[in-house]
Amino acid sequence: MAKRSPSQLNILLALDKPVGCTSHDLVARTRRTLGERRVGHAGTLDPLASGVMVLGVGQATRLLGRITQDTKAYLADIAFGYETCTDDAEGERTRAVEPAPGLWDPQAAARALAGLVGPQMQVPPAFSAISVDGVRSYRRARAGDAVELPARPVEVLAADLIAVTAVDGAPVWTVAFTVSKGTYIRALARDLGRSLGAAAHLSGLRRTASGSVGLARCLDPEALTPDAARAAALDPVAVLDVPALPVPDERLADILCGRRLSPSLLRDATRPVGEGDMVALVNGGELRALARIDAGRIAPADVFPQGIGGVAL
């Protein structure tokens with residue numbers, strides 16, 4: 001097998017995904033535009049959704065597993081009147097209920113949304129990317145199989161009503177959500193409708209933040225070039241929200257070999273660290289390793305020989 005050549009770009013990048021393309025489509029387009037094979041994302045968006053997608057390019061793909069644990073923020077449109085097989089506007093109608101007059105009341109809507117806040121068990125949509133016996137759930141659902149996914153723990157951290165409007169004579173609630181990893185906004189819309197004795201589906205969705213990365217940090221995919229990607233690279237230390245430790249050039253070889261470093265270096269950390277904490281080892285404006293404090297010493301745990309750019313100390 002041929003050895004993979006080093007990536008020319010090793011960065012985290014945020015793109016504003018447009019409506020109509022899949023997350024995989026956006027990753028594939030980014031690979032072609034940047035000329036890099038190693039590109040991944042930190043959280044899927046449905047084709048009908050838009051907004052923040054954090055991508056890893058080159059060695060930065062190895063950070064994505066940590067970033068997917070972050071909370072997500074969304075602006076969602078919940079339309080009342082009927083449910084669909086996909087729980088969003090893309091699917092066929094499966095159940096209809098004439099909207100009650102109370103669904104037009106903003107105060108009642110705000111109270112109902114407040115009841116969503118907190119930890120809960122959520123049944124994901126049948127049309128989702130969750131694997132069932134090695135097959136994506138949406139593939140089984142499209143084939144006509146009955147899909148029953150087990151409920152999973154999620155948490156709604158905030159659910160704030162923005163507006164109640166009318167679309168085709170039916171009420172639509174626009175809601176700002178902040179949720180934990182793995183929460184399906186489509187399922188929240190479905191379950192909200194049922195809890196109110198109604199029927200609802202998600203008619204629009206825009207991700208406004210992924211962890212600390214908001215829309216203001218996103219590039220338009222149409223404007224993406226290698227130079228634009230370099231200029232817009234996210235600070236990996238800030239995205240991971242870990243203290244940074246500048247490491248002098250003479251200790252770089254030790255880092256890349258995974259050798260433990262003296263705790264005396266910790267005096268230069270950007271914030272206090274203690275036993276078991278993670279710290280980002282930075283040299284030359286690049287993230288060179290993530291390390292743990294183990295028995296008082298700095299133990300590199302994940303080393304990036306090429307360095308991940310974008311660090312701003």
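Between the side chains of Thr30 and Thr33, no donor-acceptor pair is found at a separation under 3.5 Å. Side-chain contact of Ser203 with Asp77: a donor-acceptor pair under 3.5 Å is absent, judged by distance alone.
For Arg93 and Tyr82, the positive end sits near the middle of the six-membered ring, less than 6.0 Å away and at most 45° from its axis.
Taken from CG in Asp277 to CZ in Arg271, the straight-line distance is 9.0 Å, to the nearest 0.5 Å. Taken to the nearest 0.5 Å, the CD atom of Gln122 stands 8.0 Å off from the CD1 atom of Ile185. Atoms CE and NE2, on Met53 and His41 in that order, are 4.5 Å from each other to the nearest 0.5 Å. Between Cys85 atom SG and His201 atom NE2 the span is 11.5 Å, to the nearest 0.5 Å. Atom CZ of Arg62 is separated from atom CG of Leu290 by 9.0 Å, given to the nearest 0.5 angstrom. Rounding to the nearest 0.5 angstrom, the gap separating the CG atom in Leu13 from the CG atom in Leu34 is 7.0 Å.
A continuous path of hydrophobic side-chain contacts links Leu196 to Leu116 [ILVMFWY only; heavy atoms under 4.5 Å]. By the criterion of side-chain heavy atoms lying less than 4.5 angstrom apart, applied directly or through intervening Ile, Leu, Val, Met, Phe, Trp or Tyr residues, Leu188 is not grouped with Leu157; the two fall into different hydrophobic clusters. A chain of hydrophobic side-chain contacts below 4.5 Å, direct or via other Ile, Leu, Val, Met, Phe, Trp or Tyr residues, connects Met278 to Leu64. Placement of Val213 and Leu63 within a single hydrophobic cluster is found when ILVMFWY residues are connected by side-chain heavy-atom separations under 4.5 Å, directly or transitively.
With hydrogens and angles disregarded, a donor-acceptor distance shorter than 3.5 Å links the side chain of Asn283 to the backbone of Val247. Here the side chain of Lys72 pairs no donor or acceptor atom with the backbone of Gly211 at under 3.5 angstrom. No side-chain donor-acceptor contact under 3.5 Å links Ser210 to the backbone of Val54. Gln306 contributes no side-chain N or O that, together with a main-chain N or O of Gln59, makes up a donor-acceptor pair within less than 3.5 Å. The closest donor-acceptor contact from the side chain of Trp173 to the backbone of Leu103 lies under 3.5 Å. Between the Asn10 side chain and the Gly58 main chain, no donor and acceptor come within less than 3.5 Å of each other. One N or O on the side chain of Glu275 and one on the backbone of Ala295 form a donor-acceptor pair closer than 3.5 Å. Using a distance-only test at 3.5 Å, with no hydrogens or angles considered, no donor-acceptor pair links the side chain of Gln120 to the main chain of Val154. Side-chain atoms of Ser23 come within 3.5 Å of backbone N or O of Leu45 as a donor-acceptor pair. Under a 3.5 Å cut-off, the side chain of Arg31 and the backbone N or O of Val39 do form a donor-acceptor pair.
Between Lys181 and Asp70, no side-chain nitrogen of the basic residue sits less than 4.0 Å from a carboxylate oxygen of the acidic one, so the salt-bridge criterion is not met. Note on Glu83 versus Arg194: salt bridge recorded, some NZ/NE/NH1/NH2 to OD/OE distance being below 4.0 Å. At a threshold of 4.0 Å, the pair Asp254-Arg259 counts as salt-bridged, since one of the basic side-chain nitrogens sits closer than that to a carboxylate oxygen.
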Worksheet item: Can Arg217 and Asp235 be said to form a salt bridge (Lys or Arg N to Asp or Glu O under 4.0 Å), step by step?
Response: CA-CA 11 Å; Arg217 297 302 310 276; Asp235 182 343; over 6 Å; no
Item to complete: Go through the steps for Leu15 and Leu26 under the test side-chain contact (heavy atoms from CB on, under 4.5 Å), then give the verdict.
Response: CA-CA 9 Å; Leu15 296 181; Leu26 191 61; 4.1 Å; yes
Discussion item. Under the criterion salt bridge (Lys or Arg N to Asp or Glu O under 4.0 Å), I'd like the reasoning laid out for Arg292 against Asp302: C-alpha separation, chi angles, the key distance, then a yes or no.
Written reply: CA-CA 10 Å; Arg292 291 279 183 190; Asp302 203 354; over 6 Å; no
Item to complete: Kindly indicate, with the supporting measurements, whether the criterion side-chain contact (heavy atoms from CB on, under 4.5 Å) is fulfilled by Thr86 and Leu202.
Response: CA-CA 9 Å; Thr86 58; Leu202 188 70; over 6 Å; no
Worksheet item: Checking side-chain contact (heavy atoms from CB on, under 4.5 Å) for the pair Ile67/Leu240: CA distance, chi angles, key distance, verdict?
Response: CA-CA 7 Å; Ile67 298 170; Leu240 294 171; 4.2 Å; yes
Practice prompt. Could you check Leu215 against Asp16 for side-chain contact (heavy atoms from CB on, under 4.5 Å), going step by step and ending with a plain yes or no?
Written response: CA-CA 7 Å; Leu215 286 167; Asp16 187 349; 4.2 Å; yes
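Among Asp87, Asp191, Thr84, Asp46, the one residue that satisfies the side chain to side chain donor-acceptor pair (under 3.5 Å) test with Arg186 is Asp46. When the options Val156, Asp160, Val175 are evaluated for a side chain to side chain contact (heavy atoms under 4.5 Å, CB included) with Leu113, the one that passes is Val175.
Under a cut-off of 6.0 angstrom, the local environment of CG in Asp220 is crowded, with over 12 non-hydrogen atoms contributed by other residues, nucleotides or ligands. With a 6.0 Å radius and a threshold of 12 heavy atoms from other residues, nucleotides or ligands, Gln107 has its CD atom at or below the threshold. Applying the 6.0 Å contact sphere to CD of Glu92 captures no more than 12 heavy atoms from other residues, nucleotides or ligands.
Across all their heavy atoms, Glu155 and Pro119 have their closest contact at CG-N, 3.8 Å.
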